[in-house]
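Right, one structure below, let's go through it.
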Amino acid sequence: MSENTVNRIETRLQDKKNLFIGYITGGDPTLGHTEKMVEALERGGADLVEIGIPYSDPLADGPTIQRASLRALNGDFSIEKLFDSIVNIRKKSDIPLVFLVYYNTIYTYGVAAFASKCQETGIDGLIVPDLPLEECKTFPQHIVPLIPLVALNSSERIEGIVKDRKGFVYCISSFGVTGSRGSISNKTREVVEKVRSHTHLPIAVGFGVSSREMVEDIHEYADAAIVGSSIVRVIEDSHGDARRVEEFVRKLTGKI
Amino acid sequence: MGRFGDFGGQFVPETLMNPLKELETAFNRYKEDEDFQRELKFYLKEYVGRETPLYFARSLTERIGGAKIYLKREDLNHTGAHKINNVMGQLLLAKRMGKKKVIAETGAGQHGVATATGAALLGMECEVFMGTEDVQRQEMNVVRMELLGAKVTPVSSGTGTLKDATNEAIREWVARVEDTFYVIGSVVGPHPYPTMVRDFQKVIGEEARRQILIKEGRLPDAIIAPVGGGSNAMGIFYPFVDDREVRLIGVEAAGEGTHTDKHAATITKGREGIIHGMKTYLLQDDMGNITPAHSISAGLDYPGVGPEHAHLHRSERGEYVSITDKEALSGFQLLSRSEGIIPALESAHAVAQAVKTAGEMPRDKVVIINLSGRGDKDIHTVADFLKG
């Protein structure tokens with residue numbers, strides 16, 4: 001793994017508290033919006049941005065992100081153009097960036113080629129919702145790391161999932177798909193504590209987080225809160241208005 | 001884990017990994033359990049109506065003028081298709097695991113109806129996910145499922161067909177994984193499903209093997225079966241896989257022609273990738289987005305295929321061909337008129353292929369067609385097609 005990759009996530013997240021991770025779907029509502037949306041999240045106080053690569057069959061996602069994916073794919077979306085946007089973002093910003101991408105997209109591109117392109121353009125990690133521990137043995141994590149995902153029912157799998165990993169640990173706080181919820185499962189705290197006993201990596205909690213209150217609750221036991229669908233909703237309602245998005249993120253991060 | 005050569009695997013969210021492990025453990029345990037096997041055999045015989053006949057289609061054979069054609073009559077099962085074999089196995093397993101709720105995806109509706117049937121029989125709560133396109137073209141099956149006490153949830157996301165119903169069923173399973181059993185209808189999905197579904201369907205091939213040896217004193221020269229996800233085909237092929245002289249011919253849907261973008265010929269025209277938790281062949285664009293399949297028959301309208309079929313193809317043990325909508329309709333009418341059996345449109349694809357395959361063989365050869373279902377559900381579709 002390149003020096004830069006370790007440094008960005010590590011520099012910004014390692015051994016820090018009260019962190020905020022925001023998610024947007026790349027190409028939503030158009031590719032032209034992506035750079036502005038990332039900027040809006042950064043200005044709103046995000047410590048890391050997840051960029052979703054739109055996909056036809058996102059089976060870990062609920063209706064909000066499904067719609068965002070469809071919007072993006074119906075525009076003039078291409079992966080190469082998205083990588084170009086990343087290059088542009090990197091000219092102005094060192095904010096840690098990860099792709100949230102389904103495995104078939106990577107497989108079709110070519111696993112090694114995709115990983116290299118990520119490293120080359122400045123993507124610091126990959127979250128692949130349908131690539132569990134058992135299926136990532138051949139993935140070139142030295143080129144770009146896979147962010148480990150822990151579920152509420154992972155139990156004895158946790159140790160193996162987080163072993164020798166880089167970046168941060170993503171703890172999924174609900175059974176089900178992405179989507180804003182009123183509250184998250186109280187099993188989440190237990191799971192985070194269990195993860196803590198197996199790794200020094202920063203621990204982030206996501207799925208269903210939709211308010212400053214929930215973010216603050218998460219900060220009591222985890223290092224970072226992840227908000228996705230709620231931000232995507234604002235992008236959808238405002239047709240990609242950077243100011244509205246920044247305002248919304250500020251409310252979540254408390255950086256009023 | 002759960003590979004057929006390069007294919008198969010478990011490409012699913014982390015939340016499903018322990019439940020899949022639990023399912024695999026339960027399946028392996030009950031496979032060897034005498035009580036379980038006895039109970040399953042009881043329902044297959046007394047409730048489903050097995051053993052199904054292996055019927056010599058004399059008229060059809062004479063019309064085609066080549067090899068002797070036998071029909072494995074899966075259309076005679078309770079609910080009218082092979083789907084019930086797998087459902088009975090999975091539901092009995094679900095009961096043993098203490099699950100009281102089941103969900104299923106369905107394309108044509110046959111698997112949905114079979115699941116609703118079994119759930120009613122065993123007193124379980126049932127929800128079936130069905131694409132809005134399919135809800136329209138197989139209306140009678142929706143009515144059937146509701147009469148049986150199941151809830152039918154239309155899925156409008158994506159293309160509103162089987163692949164989207166499957167996505168939604170998977171999403172729902174992730175949400176309800178603690179108390180709900182997901183009954184997958186074909187040899188697709190993450191391990192252990194492809195193996196488990198094949199094991200519950202292999203009764204078809206085991207019977208056929210016994211029956212043909214009695215009737216002809218030898219094994220068949222070819223077995224022909226339609227392939228959507230591939231469960232009826234895997235069910236009849238599996239017990240013959242080691243009999244190398246038996247040709248295993250899987251028939252996919254060529255729809256309006258494989259030169260168009262309106263077909264479901266996954267093995268012929270697809271590319272390797274990941275769909276619904278498995279590595280297999282699928283229809284996809286350059287970016288890896290899954291493209292919709294098309295076939296006049298809803299049951300073959302799936303842009304993926306079971307990984308065991310992908311492996312049989314790659315290892316050249318199986319031969320995979322395709323038949324167009326028009327050819328399937330000819331097959332449909334041919335069987336109806338020559339034998340008085342109205343086949344499901346899915347099965348009609350195998351009949352159409354048999355016309356070609358058996359037609360080129362001498363009269364002393366033997367071909368078995370897996371008649372996966374009956375065609376009552378397809379009457380309106382066929383009538384419309386013939387009119388317009």
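Just so it is clear, the model here is predicted, and its values are computed rather than measured. First the proteins, then the strands, lettered A, B, ... as listed; each starts at 1.
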Is there a side-chain contact between [X] and [Y], using heavy atoms and a 4.5 Å cut-off?
{"X": "B:L282", "Y": "A:N104", "result": "yes"}
{"X": "B:M287", "Y": "A:T108", "result": "no"}
{"X": "A:L133", "Y": "B:M17", "result": "no"}

Tell me, for [X] versus chain B, whether the close heavy atoms (under 4.5 Å) come from the side chain, the backbone, both or neither.
{"X": "A:P132", "result": "both"}
{"X": "A:I106", "result": "neither"}
{"X": "A:P63", "result": "neither"}
{"X": "A:I161", "result": "side chain"}
{"X": "A:Y55", "result": "both"}
{"X": "A:Y102", "result": "neither"}

CG/A:N186: more than 12 non-hydrogen atoms of other groups inside 6.0 Å: no
B:Q136 atom CD, neighbour heavy-atom count above 12 within 6.0 Å: no
Distance in Å, [X] [atom1] paired with [Y] [atom2], rounded so as to fall on 0.5 Å steps:
{"X": "A:E156", "Y": "B:K21", "atom1": "CD", "atom2": "NZ", "answer": "9.5 Å"}
{"X": "B:W173", "Y": "A:F175", "atom1": "CH2", "atom2": "CZ", "answer": "12.0 Å"}
{"X": "A:S154", "Y": "B:N18", "atom1": "OG", "atom2": "CG", "answer": "6.5 Å"}

Write out, in numerical order, the residues from residues 255-264 of chain B with a heavy atom short of 4.5 Å from a heavy atom in chain A. none
If you count heavy-atom pairs within less than 4.5 Å of chain A, which of B:G273, B:G277, B:P190 leads? B:G273
For the interface with chain A, which of B:E178, B:H276, B:R271 has the highest count of heavy-atom pairs at distances below 4.5 Å? B:E178
Is [X] in contact with chain A via its backbone, its side chain, both, or neither, using a 4.5 Å heavy-atom distance?
{"X": "B:E172", "result": "neither"}
{"X": "B:R176", "result": "neither"}
{"X": "B:I170", "result": "side chain"}

Stepwise, does the salt bridge (Lys or Arg N to Asp or Glu O under 4.0 Å) test hold for B:E14 with A:R157? CA-CA 10 Å; B:E14 173 58 26; A:R157 294 170 57 78; 2.8 Å; yes
Kindly determine whether B:T15 and A:L152 satisfy side-chain contact (heavy atoms from CB on, under 4.5 Å), including the steps that lead there. CA-CA 7 Å; B:T15 310; A:L152 291 174; over 6 Å; no
Could you verify whether a donor N or O on one side chain and an acceptor N or O on the other, from B:N167 and A:D57, lie under 3.5 Å apart? yes
Please find the pair of heavy atoms, one from A:S56 and one from B:N289, that lie closest to each other, and give the distance. N-OD1, 2.9 Å
Keeping the roles fixed (side chain from [X], backbone from [Y]), state whether a donor-acceptor pair exists under 3.5 Å.
{"X": "B:R171", "Y": "A:G176", "value": "no"}
{"X": "A:D130", "Y": "B:F11", "value": "no"}
{"X": "A:E135", "Y": "B:Q10", "value": "yes"}

Top contributor to chain B contacts, counting heavy-atom pairs under 4.5 Å, from A:I53, A:L70, A:I172, A:L73: A:L73
